[in-house]
Amino acid sequence: MVEVNRGGDAQQPSQETLTRNWDELLQEIRVTQTGVQILTGFLLTVPFSNRFHELTGFQRGVYLTVLAGSVLTTALVVAPVAFHRVLFRHRRRELLVEWANRFALSGLAMLALTVSGVVLLVVDVVLGATQGWLAGGTVLLVFALLWGVLPRVADRVDDSPHNRPPRDEGESSS
């Protein structure tokens, strides 16, 4: 996370920018975390249902894979909070923002894979393996398009002006 001033040389982001970036990341993580916690909680109850013993070996494998994915997703979206707590008062906001961003992106990727796997499992149980693979693949494709491709395409084709860079804390308004 290095900003470039108009002269072309790299400079550290201001504390104001880092604080704003940190706050935005935390808001995004809160949204993701709630959904992931609900999904994980649901998955943890599945083996205790009456029909769990009827699952095929493949279905049990998919279940264990999506359970592991959900737990890993939880770890990734909560990791920024742990980083913050461990590094609290160490004056490492830039490090926190960089790593929180990495964890958030990784958590979103894992969430897309996990939800796709859950759809695969549910549709496989209800309709069969072929329909399950088709549904899971379709869901993964939708996530990839909405979360990965569409933002980049929109950025390239939209001609609305970009936000102005934030002022440094020491700059006066002229």
Side-chain angles (χ1 to χ4, degrees), residues 1 18-88 95-160 162-163:
M1 160 167 277
L18 290 171
T19 298
R20 189 187 72 252
N21 290 164
W22 177 250
D23 291 343
E24 288 173 2
L25 272 165
L26 286 181
Q27 282 300 102
E28 293 165 5
I29 288 168
R30 283 184 188 109
V31 170
T32 307
Q33 185 179 7
T34 301
V36 170
Q37 287 173 328
I38 291 169
L39 177 61
T40 303
F42 166 75
L43 288 171
L44 289 171
T45 66
V46 170
F48 302 102
S49 69
N50 292 336
R51 291 190 53 206
F52 187 76
H53 70 281
E54 296 174 17
L55 294 181
T56 67
F58 170 75
Q59 291 167 341
R60 286 175 191 244
V62 172
Y63 166 76
L64 291 173
T65 301
V66 297
L67 177 63
S70 188
V71 169
L72 178 57
T73 302
T74 300
L76 288 166
V77 299
V78 174
V81 176
F83 254 59
H84 181 265
R85 191 53 24 216
V86 170
L87 297 176
F88 185 66
L95 173 83
L96 290 171
V97 169
E98 284 295 322
W99 278 90
N101 184 56
R102 291 177 184 141
F103 286 132
L105 289 171
S106 299
L108 286 172
M110 280 304 304
L111 181 59
L113 289 169
T114 300
V115 170
S116 300
V118 169
V119 170
L120 162 63
L121 176 61
V122 170
V123 175
D124 181 16
V125 168
V126 174
L127 298 176
T130 302
Q131 294 89 342
W133 281 107
L134 183 59
T138 300
V139 168
L140 185 58
L141 179 63
V142 168
F143 278 125
L145 291 173
L146 288 176
W147 292 359
V149 175
L150 188 58
R152 288 176 176 86
V153 170
D155 184 45
R156 283 196 181 113
V157 300
D158 187 281
D159 60 352
S160 62
H162 289 236
N163 297 340

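Just so it is clear, the model here is predicted, and its values are computed rather than measured.
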Can any side-chain N or O of Thr34 pair as donor or acceptor with the backbone N or O of Arg30 at less than 3.5 Å? yes
Measure the spacing between CG of Leu108 and CG of Leu76 and express it to the nearest 0.5 Å. 10.0 Å
Testing Ile38, Val78, Val81 one by one against Gln33 for a side-chain contact (heavy atoms from CB on, under 4.5 Å), which residue passes? Val78
When the side chains of residues 153-160 are checked against the rest of the protein, which donor-acceptor pairs come out under 3.5 Å, sequence neighbours left out?
residue: Asp158; atom: OD1; partner: Ser160; partner atom: N; Å: 2.7
residue: Asp158; atom: OD1; partner: Ser160; partner atom: OG; Å: 2.3

Suppose the criterion is ring-ring contact (aromatic ring centres under 6.0 Å, His included): which pairs have a residue in residues 98-124, not counting sequence neighbours? Phe83-Trp99, Phe83-Phe103, Trp99-Phe103
Sorted by chain and number, sequence neighbours left out, side-chain hydrogen bond (donor to acceptor under 3.5 Å, both in side chains) with Ser70 holds for Thr40
Between Thr114 and Val66, which heavy-atom pair has the shortest distance, and what is it? CG2-O, 3.4 Å
Heavy-atom pair of closest approach, residues Leu111 and Trp147: CD2-CH2, 3.9 Å
Could you pull out every donor-acceptor pair under 3.5 Å between side chains of residues 117-143 and any protein atom, sequence neighbours left out?
residue: Asp124; atom: OD1; partner: Ala129; partner atom: N; Å: 3.0
residue: Asp124; atom: OD2; partner: Gln59; partner atom: NE2; Å: 3.4
residue: Thr138; atom: OG1; partner: Leu134; partner atom: O; Å: 2.7

Exceeds 12 heavy-atom contacts within 6.0 angstrom, atom CZ of Phe42: no
Partners meeting salt bridge (charged side-chain N to carboxylate O under 4.0 Å, His left out) with Arg51 (sequence neighbours left out): Glu54
To the closest 0.5 Å, what do you measure between OG1 (Thr32) and CD (Gln37)? 11.0 Å
For Val77 and Ile29 the tightest heavy-atom approach is O-CG2, 3.0 Å
Of all residues at least two apart in sequence or in a different chain, which pass the salt bridge (charged side-chain N to carboxylate O under 4.0 Å, His left out) check with Glu28? none
